Amino acid sequence: MIHFNHVTKIYEDNKALALEDVSFHVEKGEFVFLVGHSGAGKSSIIRMLLCEETPTEGEVIVNGHNIGALSRKEIPFLRREIGVVFQDFRLLPSRTVYENVAFAMRIVGASTRQMRRRIPELLNMVGLSRKSKAYPNQLSGGEQQRVSMARALANNPSILIADEPTGNLDREKAAEIMAILEDINNRGTTILMATHAEKLVNEMHKRVITLDMGHLVSDEKEGGYTVGV
Ligand code: ADP
């Protein structure tokens, strides 16, 4: 599903290595936390999965596709396999909850009929059935993040990437987001979540990959948050 084979990443304008000889594999249906200090290399990994960067050395294979060898035409098709949620939600402020999710489906050519069937299902899954006509600024941060999760899942991706999804939320709201992520994972979606939320990581007992200055320093099956101070 996701294979990083001896991946090194050097940005042209930055002589330091962002990643050095990083290898890990994620199977379908896994839930993996990616932890490490700022600058450890988490975003570089995420950007490669989203086809926004290519490895300088080594291979990144996602669902059988080699990220370093994709043609421009192939990128949008692979991107559909991957949903993503960000710390700052990134919703369209002038669109309702329903329209924000519909927007993601329209991009891939879904019909109005498909949207009418799928969007209520998605909003139900994230507990927002009653808010479909609300605008983002009428929602709490936790609700906005739940909209962004519905949007990320709209096209049935096999992988969901969550980049610090609870970073702007209080503990209670963060716990709600984690419960939904766990539900999504139980339905078969592979999840990779980058985070600094030590307590959440320790409570979930999931696989934890720890990065430090571009190196993968641990990869534990039911791990905890072990980023040094
Ligand atoms: P994290 O997400 O864990 O904070 P990053 O992957 O963003 O880590 O950064 C890893 C290293 O790569 C850092 O030293 C950072 O300064 C550098 N880096 C990240 N993105 C770029 C970029 N676009 N250009 C140059 N250097 C970058």
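First listed ligand is number 1; within each ligand, the first listed atom is number 1. Since we're looking at a predicted model, the values are computed, not measured. Side-chain atoms are counted along with the backbone in the values below, which use heavy atoms only and exclude waters and symmetry mates.
Figure legend: R106 and F103 shown without cation-pi pairing, the cationic atom not lying both under 6.0 angstrom from the six-membered ring centre and within 45 degrees of its axis.
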Considering only N or O atoms, set out every pair between ligand 1 and the protein closer than 3.5 Å, with distances to one decimal place.
unit_1: ligand 1; atom_1: 2 (O); unit_2: S43; atom_2: N; d: 2.7
unit_1: ligand 1; atom_1: 2 (O); unit_2: S43; atom_2: OG; d: 2.4
unit_1: ligand 1; atom_1: 3 (O); unit_2: A40; atom_2: N; d: 3.1
unit_1: ligand 1; atom_1: 3 (O); unit_2: G41; atom_2: N; d: 3.0
unit_1: ligand 1; atom_1: 3 (O); unit_2: K42; atom_2: N; d: 2.9
unit_1: ligand 1; atom_1: 3 (O); unit_2: K42; atom_2: NZ; d: 2.8
unit_1: ligand 1; atom_1: 4 (O); unit_2: G39; atom_2: N; d: 2.6
unit_1: ligand 1; atom_1: 6 (O); unit_2: S44; atom_2: N; d: 2.9
unit_1: ligand 1; atom_1: 6 (O); unit_2: S44; atom_2: OG; d: 2.6
unit_1: ligand 1; atom_1: 8 (O); unit_2: G41; atom_2: N; d: 3.0
unit_1: ligand 1; atom_1: 20 (N); unit_2: R47; atom_2: NH2; d: 2.9
unit_1: ligand 1; atom_1: 24 (N); unit_2: D13; atom_2: OD1; d: 3.3
unit_1: ligand 1; atom_1: 26 (N); unit_2: N14; atom_2: ND2; d: 3.3

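With rounding to the nearest 0.5 Å, the separation of CE in M115 from CG in L122 is 12.5 Å.
Listed by first and then second residue, the salt bridge (charged side-chain N to carboxylate O under 4.0 Å, His left out) pairs involving residues 113-127 are R118-E121 (not counting sequence neighbours). Listed by first and then second residue, the salt bridge (charged side-chain N to carboxylate O under 4.0 Å, His left out) pairs involving residues 154-172 are R171-E203 (not counting sequence neighbours). Among residues at least two apart or in separate chains, side-chain hydrogen bond (donor to acceptor under 3.5 Å, both in side chains) pairs with a member in residues 211-220 are E20-H215, R207-D219, T210-S218.
S44 and Y11 form a side-chain donor-acceptor contact under 3.5 Å, judged by distance and modelled atom types alone.
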